[in-house]
Amino acid sequence: MATLLITRWILPGLLMGLWLLIALSNAISLYQARQQKGTTSLTLFLGGIFGIVGVLASPLPQPWFWCWFPPLLDVGSIPALVMMIQSSNDENGASN
């Protein structure tokens with residue numbers, strides 16, 4: 001029984017580990033871009049995607065309830081999207 005439970009967590013664990021590495025990398029990348037007044041790429045969203053897939057593949061009860069946490073906690077996913085939209089709105093408002 002315990003072996004089956006461990007086996008069911010292997011793929012989700014790998015995906016969540018990948019999410020964690022990408023999320024840390026995204027935080028560093030966004031911090032450096034902000035310090036240097038540069039930009040970043042849209043590959044930032046990969047961390048959130050891996051996190052969603054990892055949670056949905058896990059044997060957690062009600063994974064649909066938990067799947068929004070990884071992209072929300074990964075600064076390269078939902079927070080970056082909000083910042084890009086806000087930046088776009090600021091630029092459009094300044095040009096009008």
Side-chain angles (χ1 to χ4, degrees):
M1 185 72 150
T3 307
L4 180 61
L5 183 61
I6 292 171
T7 306
R8 290 178 62 194
W9 275 102
I10 290 175
L11 179 62
L14 290 172
L15 289 169
M16 294 303 289
L18 188 57
W19 165 76
L20 185 60
L21 289 173
I22 293 173
L24 291 172
S25 174
N26 286 344
I28 293 168
S29 175
L30 287 172
Y31 176 76
Q32 289 174 343
R34 181 144 186 140
Q35 292 295 318
Q36 299 169 357
K37 307 234 186 291
T39 60
T40 58
S41 69
L42 290 177
T43 58
L44 296 172
F45 291 100
L46 287 177
I49 293 168
F50 281 120
I52 289 171
V53 173
V55 170
L56 291 176
S58 73
L60 287 172
Q62 301 175 340
W64 287 103
F65 176 78
W66 299 105
C67 74
W68 63 276
F69 279 101
L72 184 63
L73 296 175
D74 180 5
V75 295
S77 295
I78 293 176
L81 180 64
V82 170
M83 289 187 328
M84 285 191 298
I85 291 171
Q86 184 180 21
S87 174
S88 175
N89 287 342
D90 291 345
E91 289 173 7
N92 290 337
S95 65
N96 288 335

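From a predicted model like this one, the values you see are computed outputs, not experimental measurements.
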Step by step, work out the side-chain contact (heavy atoms from CB on, under 4.5 Å) result for Leu14 and Ile10.
CA-CA 6 Å; Leu14 290 172; Ile10 290 175; 4.2 Å; yes

Mind checking whether Phe65 and Leu73 sit in one hydrophobic cluster, side chains of I, L, V, M, F, W, Y counted as touching below 4.5 Å?
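Yes, same cluster.
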
Treat each ILVMFWY residue as a node, draw an edge where side-chain heavy atoms are under 4.5 Å apart, and state whether Val53 and Leu11 are in one component.
yes

Are Phe45 and Leu81 side-chain neighbours, meaning at least one heavy-atom pair lies under 4.5 Å?
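Yes, close enough: below the 4.5 Å cut-off.
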
Taking C-beta and beyond as the side chain, do Phe50 and Leu20 meet within less than 4.5 Å on heavy atoms?
no

Under the 3.5 angstrom rule, does the side chain of Trp19 hit a backbone N or O of Pro70 as a donor-acceptor pair?
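Checking the backbone N and O of Pro70 against the side chain of Trp19, a donor-acceptor pair under 3.5 Å is found.
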
Minimum heavy-atom separation for [X] and [Y], please, with both atom names.
X	Y	answer
Thr7	Thr3	OG1-O, 2.7 Å
Pro71	Cys67	CD-O, 3.4 Å
Gly47	Ser77	C-OG, 4.5 Å
Ser58	Pro12	CA-CG, 3.4 Å

May I have the step-by-step check of side-chain contact (heavy atoms from CB on, under 4.5 Å) for Phe69 and Val55, ending in yes or no?
CA-CA 9 Å; Phe69 279 101; Val55 170; over 6 Å; no

Calculate, to the nearest 0.5 Å, the distance between atoms [atom1] and [atom2] belonging to [X] and [Y] respectively.
X	Y	atom1	atom2	answer
Met16	Ile52	CE	CD1	10.0 Å
Ser25	Asp74	OG	CG	9.5 Å
Ile22	Leu46	CD1	CG	6.0 Å

With a 6.0 Å cut-off (strictly less than), is the heavy-atom count around CH2 of Trp9, excluding the residue itself, greater than 12?
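Yes, the 6.0 Å shell around CH2 holds more than 12 heavy atoms from other groups.
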
